[in-house]
Amino acid sequence: MAAFNELVFSGVQPTGNLHLGNYLGAIKRFVEMQERDAQCLYCVVDLHAITLWQDPQALRGQIREVTAAFLAAGIDPKRSIVFNQSQVPQHAELAWIFNCVARLGWLNRMTQFKDKAGKDRENASIGLYDYPVLMAADILAYRATHVPVGEDQKQHLELTRDIAQKFNNDFGPSIQAHGHGEQFFPITEPLIGGPAARVMSLRDGTKKMSKSDPSEYSRIALTDDADAIAQKVRKAKTDPEALPSEVEGLKGRPEADNLVGIFAALRGITREEVLKDFGGAQFSSFKPALVDLAVETLAPINAEMKRLVADPAHIDAVLADGAGRAEAIAAPTLDAVKDIVGFVRRGPALRAV
Ligand code: TRP
């Protein structure tokens with residue numbers, strides 16, 4: 001642990017229908033993070049998933065499927081720590097303590113809650129409202145320094161920083177007395193960006209690609225085979241113009257911008273570089289190139305996911321191993337937090353003050 005400069009944490013919800021947006025916006029970047037001087041933790045956030053009702057049998061399958069996607073995409077479970085949230089009790093435990101740090105007014109500003117709760121706010125679960133506090137606990141149980149997330153999670157990361165700061169302030173003297181210096185929790189940096197920070201629907205370039213869109217044609221699922229990918233890209237909405245040769249030319253053309261962004265992210269290049277090759281091209285020639293690239297990238301992941309999902313015992317062993325290693329980091333954090341807050345706990349206080 002101490003050998004690393006950074007600690008990277010991120011999470012993906014096991015709510016089914018993993019798609020290209022999850023891959024390009026999250027999982028692919030998780031793989032890249034492994035090249036940094038960092039301990040990476042990648043968590044299947046099942047406690048978050050049940051903030052909306054999940055069928056138990058389906059949930060179990062979805063937890064294993066997200067894990068399979070992590071591994072198939074290239075997350076190495078030896079180098080990184082891959083686990084599901086509910087196996088590490090410190091997440092829920094720290095969330096309670098943070099419930100007493102976070103303010104009602106802060107949570108009332110969370111736009112994702114408003115979106116997800118919709119008009120029937122009174123009938124939303126308390127868990128859905130409290131979701132961002134649990135997310136802060138996920139991150140801070142490991143005192144993570146960096147969190148790769150999509151654009152839509154920016155506000156939750158800001159809340160995490162506010163909670164860390166308020167905890168550091170509220171308990172300042174106790175933090176010092178226990179020998180942790182000025183601040184106990186780091187002010188975590190979000191890592192947002194890349195050409196695919198937002199992958200949009202293939203049917204409507206102004207809407208995010210989403211697992212809950214009723215149209216299958218709006219998204220490329222990680223379980224889609226080559227034929228399905230080809231069909232969906234072919235049917236993707238476009239406009240009648242050729243591709244521009246400059247990025248500025250994509251303004252006001254959300255569908256064109258989205259397809260160019262997807263191409264760029266799959267290739268690991270910028271939109272500019274895509275337009276260097278395809279500026280002036282019609283969609284009738286750009287789309288087949290995009291199909292080839294998407295199939296080339298996703299087919300091996302798809303095949304490996306299938307292979308892994310067929311062996312749930314192996315997946316479960318990876319998760320159990322990851323949970324043990326995660327807990328070895330989170331448990332000392334929680335011990336320290338309990339001492340700082342003033343709880344009496346089993347075992348020796350980290351420093352008897
Ligand atoms: N809320 C995140 C999402 O929907 C998932 C998540 C839960 C997460 N806990 C996290 C992401 C901690 C980063 C860090 O995408």
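All residue numbers in this chain count up from 1 along the given sequence. Any value given below was found using the heavy atoms of this structure, including those in side chains, with hydrogens, waters and symmetry copies removed. Counting starts at 1 for both ligands and their atoms, following the listed order. Remember, predicted model here, so these are calculated numbers, not experimental data.
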Between [X] and [Y] (salt bridge meaning N to carboxylate O under 4.0 Å), is one present in this structure?
{"X": "Lys237", "Y": "Asp204", "value": "no"}
{"X": "Glu241", "Y": "Arg253", "value": "no"}
{"X": "Lys154", "Y": "Glu158", "value": "no"}
{"X": "Asp311", "Y": "Arg307", "value": "no"}
{"X": "Asp152", "Y": "Lys208", "value": "yes"}
{"X": "Asp257", "Y": "Arg271", "value": "yes"}

Under 3.5 Å, N or O to N or O, is [X] touching ligand 1 that way?
{"X": "Ser10", "answer": "no"}
{"X": "Gln112", "answer": "no"}
{"X": "His156", "answer": "no"}

Exercise. Classify the side-chain pair Ser285/Gln282 by whether it contains a donor and acceptor separated by less than 3.5 Å.
Key: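 No, Gln282 and Ser285 have no side-chain donor paired with an acceptor closer than 3.5 Å.
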Quiz item: With a 3.5 Å cut-off and no angle check, do the side chains of Gln112 and Gln153 form a donor-acceptor pair?
Solution: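 There is such a pair between these side chains.
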Quiz item: Short question: side chain of Gln90, backbone of Ala141 - any donor-acceptor pair under 3.5 Å?
Solution: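 Not a single qualifying donor-acceptor pair exists.
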Tell me: protein heavy atom nearest [atom], and distance?
{"atom": "atom 9 (N) of ligand 1", "result": "Asp138 OD2, 2.7 Å"}
{"atom": "atom 10 (C) of ligand 1", "result": "Met135 CG, 3.5 Å"}
{"atom": "atom 11 (C) of ligand 1", "result": "Gly11 N, 3.5 Å"}

Which of the atoms in ligand 1, numbered in the order shown and given with their element, are less than 4.0 Å from a heavy-atom of [X]?
{"X": "Val149", "value": "11 (C), 13 (C)"}
{"X": "Tyr131", "value": "1 (N), 2 (C), 3 (C), 4 (O), 5 (C)"}
{"X": "Gln13", "value": "4 (O)"}
{"X": "Val147", "value": "13 (C), 14 (C)"}
{"X": "Phe9", "value": "12 (C), 14 (C)"}
{"X": "His48", "value": "7 (C), 9 (N)"}
{"X": "Val45", "value": "7 (C), 9 (N)"}

Quiz item: Given that the side chain starts at C-beta and the backbone is N, CA, C, O, which of these parts of Val12 lies under 4.0 Å from ligand 1, counting heavy atoms, or is it both or neither?
Solution: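 Contact part for Val12 vs ligand 1: neither.
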